[in-house]
Amino acid sequence: ASTSQPQDINPGSLTITETKTPGKLNKPEDLVFGRAFSDHMLTIEWNKDDGWLSPQITPYQNLSLDPATCVFHYAFECFEGMKAYKDSQGRIRLFRPDKNMERFNKSAARIALPTFSPTALIELIAKFAKLESRFIPADRGYSLYLRPTMIGTQKTLGVGPPGSALLYVIASPVGPYYPTGFKAISLEATDYAVRAWPGGVGDKKLGANYAPCIVPQREAMSRGFQQNLWLFGEEEYVTEVGTMNFFVALRNAETGAKELVTAPLDGTILEGVTRDSVLALARERLAPEGWTISERKYTMQELATASAEGRLIEAFGAGTAAIVSPVRTISWKGQTVHCGLKDHEESGAITMRVKNWMEGIQYGEEEHEWSYLC
Ligand code: PMP
């Protein structure tokens, strides 16, 4: 064991081993989300005596782990999802990487994995993204999806805090979520399964939260809905949609005032970076137009009533993959709740504006403190 303090991540000790067999680039139009990967990966090992060891960028390669490694048995795994964008001058930009690092540390801490300096990992991810810049098509809508991942690597079947861990980052070039423009999706409200609960870990990005959601998602798809909408409790509070936060635009029954609503961060909602950004932009840009921006609980019944009375203006999901995803209908207890779109429309006006604000900042067309130049 070392006698010094465990080390934090040290970007200065990075070593880079470049690949001798650079991969072929896919045609941008052939990109499938998360299917192809870039040439390299960033890895940083940790153990409880030494702390974080020297970061390495190496050719993308398999991991070799003993079958007893704790990640395989007790799900010591958490991850992040973020993107690197190419601006009009060919420079690489991240979007609010500090928010992803904050969430990554919270997720890691919750499952007894080590935490790290956010600025140190951002610096390394920025270097990695720049090295992989040839994988990012220059066109609007394209980006490099980055997947920071942390796993417990201790070899033991004993249930306890891992004494060693591996942090790695891989990258996958992705195209526009809706290559031919927006397509409004239809949701099925799920009442027979629960994604998250008070005191649980639904607000953390743990791999263990995702596998149990696939069967309800597949059920919804088998009935012709693209995603499921997660409700919570006897009150049937609306929480999230698939892997996105959920927003609705409503008109008040008494006053007619317009309100943009999303569920509050009460521990059952993932703390989406997109959600946070949409709220901040809406407070800055919609509030002056008379909108109220609310983080509050709301029920499926409230949505159904608003829809029946013509007060549900629009609804959309918000997340890194699609930015915003317009919603046409929600199927709930055999009724179809219409979310404000006319038959020929694929998106509401607010959804469209939010998408343009976000992309403007992500692609560096609008100078903004959220855009991190690599
Ligand atoms: N909810 C869940 C369950 C998610 O997996 C994601 C994707 N990370 C989101 C919401 C959206 O979060 P973000 O805006 O940070 O991508």
Side-chain angles (χ1 to χ4, degrees), residues 33-34 75 77-85 94-108 110 118 122 125 143-150 169-172 174 176-177 185 187 189-190 193-197 200-217 220 226-232 237-248 261-282 295 315-327 351 354-355 357-359 361-362 370-372:
F33 182 88
E77 193 267 1
C78 59
F79 65 101
E80 272 305 317
M82 54 200 285
K83 285 174 168 175
Y85 305 86
L94 305 175
F95 179 73
R96 306 190 76 185
D98 52 317
K99 297 296 283 180
N100 293 96
M101 295 304 107
E102 187 187 333
R103 190 170 66 188
F104 200 20
N105 266 326
K106 283 199 221 172
S107 298
R110 182 64 185 79
I122 292 172
I125 290 176
S143 58
L144 188 64
Y145 183 83
L146 296 162
R147 169 53 60 88
T149 309
M150 203 192 302
V169 185
I170 52 176
S172 174
V174 294
Y177 206 78
I185 58 175
L187 309 180
T190 300
V194 183
R195 193 193 83 89
W197 44 88
V201 290
D203 58 342
K204 307 295 188 298
K205 217 162 159 59
L206 309 185
N209 282 334
Y210 289 79
C213 293
I214 300 308
V215 168
Q217 161 67 15
Q226 281 81 40
Q227 294 272 328
N228 64 321
L229 180 67
W230 295 104
L231 305 182
F232 180 76
Y237 290 117
V238 178
T239 64
E240 301 191 61
V241 45
T243 56
M244 292 183 282
N245 294 112
F246 191 56
F247 283 82
V248 288
V261 189
T262 195
L265 300 179
D266 64 353
T268 66
I269 310 279
L270 193 82
E271 301 181 0
V273 178
T274 316
R275 175 191 179 280
D276 188 80
S277 307
V278 171
L279 284 170
L281 292 172
E295 294 171 72
F316 60 89
T320 298
I323 311 176
V324 289
S325 197
V327 171
T351 309
V354 166
K355 173 190 154 76
W357 289 336
M358 292 285 290
E359 284 189 342
I361 298 170
Q362 288 164 339
W370 288 345
S371 186
Y372 179 100

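Counting convention: from 1, in listed order, for ligands and their atoms alike. Count residues from 1 along the sequence.
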Fill in the blank from the handout: When distances are taken from atom 9 (C) of ligand 1, the protein heavy atom at minimum range is T243 O, 3.2 Å
Exercise for the section: Identify the protein heavy atom lying closest to atom 14 (O) of ligand 1, giving its residue, its atom name and the separation to 0.1 Å. Expected result: T274 OG1, 2.6 Å
Any donor-acceptor pair under 3.5 Å linking the side chain of [X] with the backbone of [Y]?
| X | Y | answer |
| --- | --- | --- |
| K355 | I323 | no |
| K99 | G272 | no |
| R103 | K204 | no |
| E77 | G207 | yes |
| S143 | A84 | no |

Problem - ligand 1 contacted by R195 (non-hydrogen, < 4.0 Å) - result: yes
Exercise for the section: Run the contact test for M82 against ligand 1 with a 4.0 Å cut-off on heavy atoms, strictly below, and give the result. Expected result: no
Problem - Polar contact flag for Y210 and ligand 1 (N/O pairs, less than 3.5 Å) - result: yes
Practice task
Please indicate whether any nitrogen or oxygen in G81 is less than 3.5 Å from any nitrogen or oxygen in ligand 1.
Solution key: no
Practice task
Select one of side chain, backbone, both or neither to describe which atoms of L270 lie under 4.0 Å from any atom of ligand 1, heavy atoms only.
Solution key: side chain
Exercise for the section: Show which atoms of ligand 1 fall inside a sub-4.0 Å distance from at least one heavy-atom site of N245. Expected result: 10 (C), 11 (C)
Practice task
Enumerate the atoms of ligand 1 whose separation from the nearest heavy atom of T320 is less than 4.0 angstrom.
Solution key: 13 (P), 14 (O), 15 (O), 16 (O)
Practice task
Step through it carefully: locate the ring centre of Y237, locate the ring centre of F232, and say whether they are under 6.0 Å apart.
Solution key: no
Problem - Aromatic ring pairing W370/F95, orientation class (parallel under 30°, perpendicular over 60°, tilted between) - result: perpendicular
Fill in the blank from the handout: Heavy-atom proximity to atom 12 (O) of ligand 1, picking from G272, S277, G242, G202, points to G272
Exercise for the section: Kindly identify the option in K205, E240, R275 whose heavy atom sits closest to atom 8 (N) of ligand 1. Expected result: K205
Problem - Donor + acceptor pair across side chains of R195, T239 (<3.5 Å) - result: no
